Amino acid sequence: MPEKFLQPYDPSATESRIYEEWEQSGLFNPDESAKQGITSADAPAYSIVLPPPNVTGRLHMGHALMLAIQDTFIRYKRMRGFRTLWIPGTDHAAIATQSVVEKQIKKDENLSRHDLGREQLLKRIEKFANESHDTIVKQVKTMGASLDWTREAFTLDETRTRAVRTIFKLMYDAGLIYRGLRIVNWDPKGQTTISDDEIVYEERAAKLYTFRYSKDFPIPVATTRPETKVGDVAVAVHPDDARYTAFIGKEYDAIFCDVPIHIKVVSDKEVDPAFGTGAIGVTPAHSHVDWDIASRHELSQEIIVINEFAKMTVNGRLEGKKVLDARDTVVEWLKSEGLLEKEEDITQNVSTAERTGGVIEPLPKLQWFIDVTREIPGRGKSLKELMLEPVQSGAIQIIPTHYEKTYFHWIENLRDWCISRQIWYGHRIPVWYKGEAIIVGTPPAEEGWIQDEDTLDTWFSSGLWTFSTLGWPEATEDLRTYHPTDVLETGPDILFFWVARMILMSEFALNTIPFKTVYLHGIVRDAQGRKMSKSLGNNLDPLEITSRFGADAARMALIVGNAPGTDSRISEDKIKGYKHFANKLWNIARFVLENTENFDRSSQTELNSEDAARKTEYEIIIADVTADMEAYRVYLAAEKLYHYVWHQLADVILEESKAILGTVRTPSDASAEAKNSKKTLLIYLLDNSLRMLHPFMPFVTEEIWQSMPTKDAKFLMVAKWPLLH
RNA sequence: GCACCCUUAGCUCAGUUGGUAGAGCAACUCAUUUACACUGAGAAGGUCGUAGGUUCAAGUCCUACAGGGUGCACCA
């Protein structure tokens with residue numbers, strides 16, 4: 001028995017060394033594994049793409065969870081003999097990264113991005129992204145993740161840029177990408193458009209004002225935004241509202257707070273007669289609902305009264321005022337003119353930008369969109385249908401299944417996807433203009449063309465991730481072999497942002513699903529069930545945790561009992577428990593190795609009936625755990641193994657074996673046959689337990705394996721998963 | 001407002017196709033310097049949120065209600 005077993009197991013001395021050995025073996029790469037004759041060339045493929053961590057900072061517990069779960073899937077399949085590929089990568093995370101760097105520059109040098117200019121700012125962001133990338137890769141490795149680093153991708157590198165430009169062109173030519181003037185969600189703070197999904201609603205106290213445009217205007221109107229009323233072109237009422245039917249079709253002129261306005265009374269079914277006065281002042285340019293009403297009634301949508309900085313653009317007393325100041329001014333004016341009829345306190349859901357917290361100002365803007373309802377030429381279906389069908393048919397399975405309903409619900413409410421962003425870091429829109437002419441997809445060779453200033457929503461390029469990482473648009477061997485991928489493992493918070501967009505992109509570009517299974521994990525919370533956050537200071541740093549307890553312990557603590565789609569709690573005590581377990585396993589190995597030293601395994605092939613019963617009992621565990629692994633129930637498999645190894649193998653079987661094998665204090669008079677049977681059993685149980693625990697606790701199992709008499713592969717990582725015969 | 005999820009031991013949570021209620025932690029009693037104190041043995045702890053229903057059989061399926069959470073929508 002090697003001397004190392006005389007000491008308690010020390011993960012910090014072991015883990016980095018083993019990871020290095022694995023990496024040097026090249027066996028994270030399925031091609032290398034086939035070359036070395038470990039995987040057969042015609043073995044089925046199994047692939048996962050790692051959801052690329054943002055290059056904005058450090059690894060957090062959510063990353064650690066994702067790495068632990070995926071590495072467990074991957075190591076299991078690798079041991080089952082699949083050509084197993086796990087692709088690493090990082091995400092440029094456009095807005096997130098740019099705002100981190102902008103904030104830093106503002107703080108350190110008091111400069112804005114406009115002071116620096118596009119080129120300079122991009123250089124600074126890239127430098128930050130590179131440093132951040134290196135840190136993250138190092139951290140990913142400490143978790144034991146068996147990623148094929150030879151295939152590492154970045155969402156903004158050359159291959160991915162080619163993929164983005166290619167698909168943009170394909171969608172443009174298919175009539176799915178268009179540029180149009182629409183009401184968008186404008187974030188005045190971030191100075192960019194954001195998608196519907198990036199909005200968070202905040203409940204705030206507000207006032208509902210009831211007023212008339214002028215003394216002779218017949219209908220009172222209620223609003224929370226009096227300042228926008230200088231942009232009104234109509235009043236909409238419900239067609240069946242008896243109070244107002246007499247006025248439908250009539251037009252009125254007024255001077256509203258120094259601004260001349262022309263108001264037409266229209267009827268529209270969208271109006272709720274029960275709310276306010278039952279009449280809506282229609283401001284087409286500054287409200288989604290009003291824009292749609294204006295479209296239906298062919299009203300002017302061109303009167304813009306608020307600009308990108310949320311300031312008033314009209315002449316008169318409101319000129320240049322911020323919207324909130326303008327609101328006060330209009331209310332004062334209404335009061336002085338005797339036009340204000342009522343002022344009520346209400347609570348209102350205000351749209352704010354998820355990232356900056358800025359209050360969203362709906363504005364009409366010339367933006368790029370993806371049309372999700374238009375029929376795709378030659379396909380007879382819309383993108384919406386392409387997103388819906390594979391989940392409906394079961395081609396894609398979402399775990400837990402109830403998220404399928406959430407998914408369908410989202411698709412039903414889906415509107416065209418605004419894909420242009422007014423930030424600088426990201427894939428620049430591949431469109432070039434020269435006067436009226438435009439070129440889409442590939443940059444023109446001649447001079448004089450100007451590229452669109454905007455960049456693409458980061459989810460546009462992320463949507464390509466399953467196949468852009470495999471070399472698309474080239475028809476690569478990787479693409480043929482590993483796509484569709486097997487599992488996408490991620491959090492439910494990006495089900496719409498990302499999962500849905502990946503289905504859209506893959507279905508459009510390749511006419512196939514991007515993955516067969518979506519495994520959604522929950523949020524990792526602290527011991528009290530609170531979200532981990534900087535402001536609470538309750539973050540557990542995965543690096544600090546692994547250095548104190550070992551990556552194996554952290555992985556087990558994250559996986560055991562953590563059912564998909566359910567939030568989990570983690571605490572140092574829990575992690576400590578699994579550090580103890582690693583040590584327990586270590587000592588089981590010590591006991592078994594110590595007691596089977598110089599044992600000729602070929603001398604004993606038959607187990608006696610008592611030991612055979614133990615083996616049969618164990619075979620049930622193998623079958624059970626294997627079934628769990630196949631069904632992605634890793635949280636159950638891990639718990640069962642833990643329980644068996646500690647409370648059956650160690651507490652019962654090892655203890656019983658002492659009487660047979662004898663100890664220093666109590667010599668045994670058992671027969672040689674009984675002893676040999678017991679030794680055979682112990683080696684069998686330890687060997688197979690190491691194999692089954694490996695996907696969960698790769699380091700300690702690998703370290704023990706290197707001293708096993710049953711060692712039949714250079715690394716446990718590529719040894720065979722136990723199968724029943 | 002609509003949808004979805006959760007409610008099981010003191011705490012945190014599992015419970016797969018309906019088939020004798022489980023784990024970890026904590027607490028209790030005892031043992032022990034041992035493969036391992038990063039230990040072991042034992043005992044205790046439950047009307048499975050409430051009320052109905054289906055079934056030979058319900059923690060599990062159905063209905064209603066209550067409490068907690070999440071997502072979506074949204075009023076001008």
Side-chain angles (χ1 to χ4, degrees), chain A residues 1 5-9 196-197 199 201 206 208-210 221-226 228-229 232 235-237 268 270-272 274-283 286-290 293 346-351 400-414 492-493 495-496 522-523 525 527-529 549 553 557 560-563 565-571 573-574 576-595 624 627-628 631-633 635-636 638-640 642-643 646-647 650-652 654-655 657-658 661 663-665 682:
Chain A
M1 182 194 64
F5 286 105
L6 299 175
Q7 300 294 319
Y9 175 63
D196 295 341
D197 302 292
I199 290 177
Y201 292 97
L208 183 67
Y209 302 96
T210 304
V221 170
T223 183
T224 53
R225 299 201 58 187
T228 64
K229 300 293 108 185
D232 281 13
V235 164
V237 298
D268 197 289
E270 286 297 300
V271 181
D272 175 6
F275 186 86
T277 63
I280 302 180
V282 180
T283 324
H286 300 290
S287 153
H288 282 102
V289 179
D290 295 6
I293 293 176
I346 59 161
T347 53
Q348 188 191 24
N349 280 332
V350 177
S351 317
T401 35
H402 69 254
Y403 274 103
E404 288 175 4
K405 287 185 187 164
T406 312
Y407 180 81
F408 296 142
H409 190 243
W410 177 80
I411 301 237
E412 278 162 31
N413 291 313
L414 190 62
D493 51 330
L495 184 60
F496 312 138
I523 298 168
R525 296 171 178 274
Q528 282 88 50
F549 305 108
V560 171
N562 185 355
T566 319
D567 292 355
S568 61
R569 302 185 182 203
I570 197 150
S571 60
D573 279 349
K574 190 174 180 190
K576 201 195 278 172
Y578 291 104
K579 182 187 171 167
H580 296 174
F581 179 58
N583 193 55
K584 189 76 182 178
L585 189 62
W586 186 251
N587 278 291
I588 291 168
R590 173 182 169 181
F591 180 89
V592 173
L593 294 176
E594 213 166 27
N595 283 287
D624 201 15
D628 283 340
Y632 293 110
R633 293 188 296 260
Y635 59 106
L636 292 183
E639 192 174 2
K640 285 170 187 168
Y642 171 86
H643 197 247
W646 197 313
H647 300 298
D651 291 350
V652 178
L654 252 60
E655 289 305 322
S657 74
K658 286 178 183 173
L661 300 174
T663 62
V664 184
R665 305 165 86 211
L682 289 180

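Numbered from 1 within each chain, the chains take letters A, B, ... in sequence-line order. Fair warning: this is a prediction, and the values are worked out from it, not measured in the lab.
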Check every strand shown and say whether A:His286 touches a base, only sugar-phosphate, or nothing at a heavy-atom separation below 4.0 Å. nothing
Contact class for A:Lys405 (heavy atom, under 4.0 Å): base, sugar-phosphate, or nothing? sugar-phosphate
From C-beta outward on A:Thr224, which listed nucleotide comes closest to its side chain: B:U16, B:A76, B:G24? B:A76
Tell me what A:Tyr403 touches on the nucleic acid: a base, only sugar-phosphate, or nothing, going by heavy atoms under 4.0 Å. nothing
Closest to the side chain of A:Leu636, out of B:C4, B:G15, B:A76, is B:G15
Residue A:Asn349, side-chain atoms from C-beta onward, closest of B:A76, B:U39, B:C74: B:C74
Hey, does A:Ala650 reach any base, or is it just sugar-phosphate, or nothing, if we go heavy atoms under 4.0 Å? base
Could you work out which one of B:A23, B:A35, B:A76 sits closest to the side chain of A:Phe591? B:A35
Which part of the nucleic acid does A:Asp628 contact within heavy-atom distance under 4.0 Å: base, sugar-phosphate only, or nothing? base
A:His580 has a side chain; which of B:C38, B:A35, B:G15 sits nearest to it? B:C38
Using a 4.0 Å heavy-atom cut-off across all strands, classify A:Gly577 as base, sugar-phosphate, or nothing. nothing
Closest to the side chain of A:Leu654, out of B:C4, B:A35, B:G24, is B:A35
Looking across every strand, which nucleic acid part, if any, lies under 4.0 Å from A:Asn583 by heavy atom: base, sugar-phosphate, or nothing? base
Using only modelled atom types and a 3.5 angstrom limit, is any donor from either the side chain of A:Arg569 or the base of B:U12 paired with an acceptor on the other? no
Does A:Thr566 place a side-chain N or O at less than 4.0 Å from the phosphate oxygens OP1/OP2 of B:A14? yes
Candidate nucleotides B:G40, B:A14, B:A76, ranked by approach to the side chain of A:Asp651 - the nearest: B:G40
With respect to the side chain of A:Asp272, which nucleotide from B:C38, B:A76, B:G40 is positioned closest? B:A76
Remember a base hit wins even if backbone is also touched, and classify A:Ser287 as base, sugar-phosphate or nothing at under 4.0 Å, heavy atoms. nothing
Any stems for RNA chain B, made of 3 or more Watson-Crick or G-U pairs in a row, each with both distances under 3.5 Å? B:1-7 with B:66-72, B:10-13 with B:22-25, B:28-31 with B:39-42, B:49-53 with B:61-65
Base, sugar-phosphate, or nothing for A:Lys658, non-hydrogen atoms under 4.0 angstrom? base
Side-chain donor/acceptor of A:Glu655 to base of B:A35, under 3.5 Å: yes
Classify A:Phe496 by what it touches in the nucleic acid, base, sugar-phosphate, or nothing, heavy-atom distance under 4.0 Å. sugar-phosphate
Quick one: does A:Asp573 reach the base of B:C25 with a side-chain donor-acceptor pair under 3.5 Å? no
